[in-house]
Amino acid sequence: MFKKFFYSFLIFVMMGTFGVSADEFNLEKVDPDFMGTYVQVNFIWQLNQTLSFDKALNSSVQKYPILILKEDICYSNSGFHDGFAVRSKDFARWNFIKRGDERIIIDEDGVSHKRISKDYEEGYKALEAYVLKCVFQDAIHLENIRLYDNEVYIDDEKFTVDMDVSFCEGDNVALWLVGSGRRCALCIEGIAAKLYDCKRGKWAMTIEKADTVYKTIPYFYWNDKNYPNVKAWGLSKDEYRFLRNMIYAKHGYIFKSEELNRTFGKFDWYKQNPSYTDSLLSKEEKEIIERIKKRESE
C-alpha cells in the first residue's frame with residue numbers, strides 16, 4: 001500500500017517540479033502476457049553463483065534493478081531506495097521475447113531482464129521471495145527453516161529481507177535480515193551460515209555487521225542442486241565428515257552413530273532404508289567419498 005502511494009506521489013512531484021507530463025510515463029500497447037516482475041538476467045546469474053544479494057546487486061545491476069510492468073506503467077527503483085517510473089519514450093525501444101514459459105525484456109541499453117513472477121501488485125515481495133528461495137536453497141530442507149513467500153522463519157523467529165543495502169556495511173554478507181526488533185547480517189562460512197548482530201555505523205544512517213554471532217545454522221549450503229558435485233573444499237574436518245556421511249544418508253543409510261542419525265533426521269529428504277547396501281552408490285558418489293576422505297586426512 002505504501003509503495004503504491006509512494007509511486008503516485010513520486011510521479012506527482014516530478015510533474016510539478018520538472019514540468020513532466022503524465023504522458024511521459026503512460027504506456028500504450030502493453031501486452032498483458034508480459035506484465036509482472038522482472039530482474040536483470042546477470043543479477044540472477046550472480047545471485048546463483050555467489051548466494052549473496054549484496055554481491056549480485058553491486059556487481060551486475062545497471063539502470064533498472066527491478067521492473068514492475070503493469071497495464072499502463074512500469075516502475076523501477078534505483079538501489080531499492082529511490083523509486084521511479086520508466087519513461088514511455090524509453091519503453092518504446094524495448095524488445096519483448098517469449099521462450100516457452102519464460103518472458104524476457106531487453107531494455108533500451110540492451111540489458112536483458114527475466115520475469116520472476118506474474119505478480120505486478122506485490123513486485124518487491126516477489127523479488128524478496130525469489131532471493132530467499134535462492135539463498136536458502138539447501139537450508140530449506142532443515143526442520144528449523146521455513147519459507148513463507150517473502151519471509152523466512154529460523155527457529156520459529158521471523159525475518160524479512162532488507163533490499164536497501166546502500167547504508168549497510170560488512171564483508172561477505174549474503175543477506176541483511178530484519179526480525180522483530182533485531183537486524184542481522186547472514187554470512188555463509190564453509191557449509192554453515194551465521195547470523196551476525198548489527199550495530200550503528202560510523203556515519204549517520206549506516207548499519208554495520210558486528211563481530212557477535214546471534215545464531216548459527218551448521219548445515220546451510222553445500223551445492224545440493226548439483227549433487228553429487230557438492231561443495232567439498234576449504235571446509236573443517238567436521239564439515240567434511242558431514243558431507244561424506246550425507247552421501248550415504250541420501251540413500252537411507254541407518255547410522256550406528258546416534259549423533260549422525262539425529263543430524264540427518266533434521267532433513268526432510270532423509271528416509272531410513274533398512275535394505276541399504278553400498279551397491280546403491282553411483283560411481284560419482286564413490287569417487288567423491290574418496291576425495292573427501294583425502295581432504296579429511298590432510
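In this text, all values refer to a predicted model and were calculated from it rather than measured experimentally. Just the heavy atoms: all of them, side chains too, but no hydrogens, waters or symmetry mates, feed the values below.
- Partners of K63 under the side-chain contact (heavy atoms from CB on, under 4.5 Å) rule, at least two apart in sequence or in another chain, are E108, D109.
- Screening residues 27-37 for salt bridge (charged side-chain N to carboxylate O under 4.0 Å, His left out), with sequence neighbours left out, gives D33-K98, D33-R103.
- Legend: salt bridge (charged side-chain N to carboxylate O under 4.0 Å, His left out) pairs involving residues 162-177, not counting sequence neighbours, sorted by first then second residue: D162-R183.
- Both I289 and L280 belong to a single network of hydrophobic side chains, linked directly or stepwise wherever heavy atoms of I, L, V, M, F, W or Y lie under 4.5 Å apart.
- Each of V173, V213, L195 was compared with C187 under the side chain to side chain contact (heavy atoms under 4.5 Å, CB included) criterion, and only V173 meets it.
- A donor-acceptor contact closer than 3.5 angstrom links the side chains of N144 and D155.
- To the nearest 0.5 angstrom, L281 atom CG is 6.0 Å from Y248 atom OH.
- In this pair, W222 and F242 present their aromatic rings perpendicular. The plane angle is above 60°, beyond the 30 to 60° band.
- Taking the charged nitrogens against the carboxylate oxygens, E151 and R146 have no contact shorter than 4.0 Å, which rules out a salt bridge.
- The side chain to side chain donor-acceptor pair (under 3.5 Å) search around Y240 returns R295, not counting sequence neighbours.
- Atom-to-atom distance recorded for E189:CD and T216:OG1 is 8.0 Å, nearest 0.5 angstrom.
- For R182, the salt bridge (charged side-chain N to carboxylate O under 4.0 Å, His left out) partners are D197, not counting sequence neighbours.
- Counting non-hydrogen atoms of neighbouring residues, nucleotides and ligands closer than 6.0 angstrom, the NZ atom of K158 reaches no more than 12 such neighbours.
- We find the CG-NZ distance between N42 and K114 to be 13.0 Å, quoted to the nearest 0.5 Å.
- Remark: D268 engages H141 in a side-chain contact (heavy atoms from CB on, under 4.5 Å) (not counting sequence neighbours).
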Q. Given the rule in the ring-ring contact (aromatic ring centres under 6.0 Å, His included) test, do Y148 and F136 qualify, once you have shown the distances and angles that lead to the verdict?
A. CA-CA 12 Å; Y148 290 114; F136 282 80; over 10 Å; no
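- I140 CD1 to I145 CD1: the interatomic distance, rounded to the nearest 0.5 Å, is 9.5 Å.
- Rounding to the nearest 0.5 Å gives a distance of 11.0 Å between CD1 of I66 and CD of Q40.
- The hydrophobic cluster around V111 extends to none of the other residues, as no ILVMFWY side-chain heavy atom falls under 4.5 Å of it.
- Among all heavy-atom pairs drawn from F264 and N245, the shortest one is CZ-C, 3.7 Å.
- For residues 217-236, the salt bridge (charged side-chain N to carboxylate O under 4.0 Å, His left out) pairs, not counting sequence neighbours, are D224-K250.
- In this structure, W94 has its ring center under 6.0 Å from that of Y64.
- Note that CD1 of I217 is 4.5 Å distant from CD1 of I154, once rounded to the nearest 0.5 Å.
- Applying the side chain to side chain donor-acceptor pair (under 3.5 Å) criterion to E296, with sequence neighbours excluded, gives R244.
- No continuous path of ILVMFWY side-chain contacts below 4.5 Å connects F220 to Y153, so the two sit in separate hydrophobic clusters.
- Residue pairs meeting the ring-ring contact (aromatic ring centres under 6.0 Å, His included) criterion with at least one member in residues 163-192: none, sequence neighbours excluded.
- In this structure, the side-chain contact (heavy atoms from CB on, under 4.5 Å) partners of I97, at least two apart in sequence or on a different chain, are R99, I104, I106.
- For K209, there are no salt bridge (charged side-chain N to carboxylate O under 4.0 Å, His left out) partners, not counting sequence neighbours.
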